Amino acid sequence: MNKIILTGDRPTGRLHLGHYVGSLKRRVELQNSGEYEKILIMIADAQALTDNFDNPEKIRQNIIEVALDYLSVGLDPTISTLFIQSQIPELTELSFYYMNLVSVSRLYRNPTVKSEIQLRNFEASIPAGFLCYPISQAADITAFKATTVPVGEDQLPMLEQTKEIVRKFNAIYQEVLVEPEILLPKNNACMRLPGTDGKAKMSKSLGNCIYLADSPEDVKKKVMGMFTDPLHLQVSDPGHLEGNTVFTYLDAFCEQRHFAEYLPEYSCLDELKEHYQRGGLGDVKIKKFLNNILQEELAPIRKRRKEYEKDIPGVYEILKAGSEQARIIAAKTLDEVRSAMKVNYFDDEALIEMHSKKYEN
Ligand code: TRP
């Protein structure tokens, strides 16, 4: 079977290092592997509106930011199709049909929805659109017959729900839809990159993010101010690795070659960790090391962003062309879904013929 990737992000803000190690970097690798027949990357504006319906301007302003972030990490619009969810009306129609296949209690049980309801104080009154967004996500994935969905761990329940919808659809109607596989980040540090303050997750509201578009000075300032080990007061004190943000970031970003380049006194990350735990290794040194690694990683991204920033109409053109391409694929699947669900009347000559016969006397 042909391998097809579909993934995306909500345009609620600029993308940060959490997005980068959690998914973006992998997408670029997959894109460049040449193993995929199609790669579709979606800006999920309609989904973002399910909990930002009262702030459409925020979503509107962030579409270009996310598009620039995509292009700057190396997603190549000549290989990958970048598009905007709301511009594919076929997705809404698919969602409407899939709604018949999912119970309300199943939606309430979706762990991601559950925690988001609490987060947004939706307990008393939850918008139907928000409750149903896992169904719309199933439409996003299945419209393109995606086999592979590279996302973070928090999206596992969405993929589960999608698979259930696919199985049910295929069992009741016809084998039209494809069951997707989730592709999770390679290690735990990448799965859950904490904020610079050591808090669970990078989040704009906590102000603990390093953005892909941050200046070198900002990145350095944020790294030098990172949460480490509150018990590691003097260089000679033994340090702890658990919950130590700098080491979590090193787990996510550090490669063997970085030692020769920036810290030749050590041969590998294990040796650095051992010294830290023993005592005698200061936070400033490990922060400088991390800063060097991040600057190296971010420099080409920043440079590409600057290039694309010079041609914003061109970026909108990329999204427009991508949306047109994506729409053709989604329309084809929708056609198949409609015939499987028997809501194709005018192109079914046999049906019209049968009804003619019925009323012949
Ligand atoms: N739910 C995803 C997020 O919050 C965004 C998204 C919408 C998505 N539709 C998708 C991701 C389809 C993968 C596949 O980041």
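Source: prediction; values computed, not measured. Here, residue 1 is the first one in the sequence, and each next residue gets the next number. Start at 1 and go down the list; that is how both ligands and their atoms are numbered.
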Item to check | Check against side-chain contact (heavy atoms from CB on, under 4.5 Å), N187 and M191 | outcome: CA-CA 6 Å; N187 72 35; M191 199 95 82; over 6 Å; no

Next on the checklist: If the cut-off is 4.0 Å to any non-hydrogen atom of V149, which atoms of ligand 1 fall inside it?
Outcome noted: 13 (C), 14 (C)

Checklist entry - Any sub-3.5 Å donor-acceptor pair from E93's side-chain atoms to L334's backbone N or O? => result no

Checklist entry - Is the closest N or O pair between Q137 and ligand 1 shorter than 3.5 Å? => result yes

Item to check | Protein contact of atom 4 (O) of ligand 1 - nearest heavy atom, named by residue and atom, plus distance | outcome: R10 NE, 3.2 Å

Item to check | Side-chain heavy-atom pair Y20, V73 within 4.5 angstrom cut-off | outcome: yes

Checklist outcome for this item: CG of N244 to OH of Y276, rounded to nearest 0.5 Å, is 4.5 Å

Next on the checklist: Does ligand 1 come near enough to Q85 that some N or O of the ligand is less than 3.5 Å from an N or O of the residue?
Outcome noted: no

Next on the checklist: Among all protein heavy atoms in this structure, tell me which lies nearest to atom 1 (N) of ligand 1, with the distance rounded to 0.1 Å.
Outcome noted: Q47 OE1, 2.7 Å

Checklist entry - Can any side-chain N or O of D251 pair as donor or acceptor with the backbone N or O of A189 at less than 3.5 Å? => result no

Checklist entry - Can you tell me if R10 uses its side chain to pair, donor with acceptor, with the backbone of A48 under 3.5 Å? => result no

Checklist outcome for this item: among protein heavy atoms, the one nearest atom 9 (N) of ligand 1 is D140 OD2, 2.8 Å

Item to check | For A44, atoms of ligand 1 separated by under 4.0 Å from a heavy atom | outcome: 7 (C)

Checklist outcome for this item: min-distance protein heavy atom vs atom 14 (C) of ligand 1 -> L6 CD2, 3.6 Å

Item to check | Option set E116, M42, Q155, criterion heavy-atom distance to atom 2 (C) of ligand 1, minimum | outcome: Q155

Next on the checklist: Out of all atoms in ligand 1, which are within 4.0 Å of some heavy atom of V151? Include the element for each.
Outcome noted: 11 (C), 13 (C)

Next on the checklist: Please work out, at 4.0 Å between heavy atoms, whether the side chain, the backbone, both, or neither of D154 comes within that distance of ligand 1.
Outcome noted: neither

Item to check | Under 3.5 Å: donor-acceptor pair, side chain of E160, backbone of L156 | outcome: no

Checklist entry - Hey, are E307 and K303 close enough for a salt bridge, meaning a charged N less than 4.0 Å from a carboxylate O? => result no

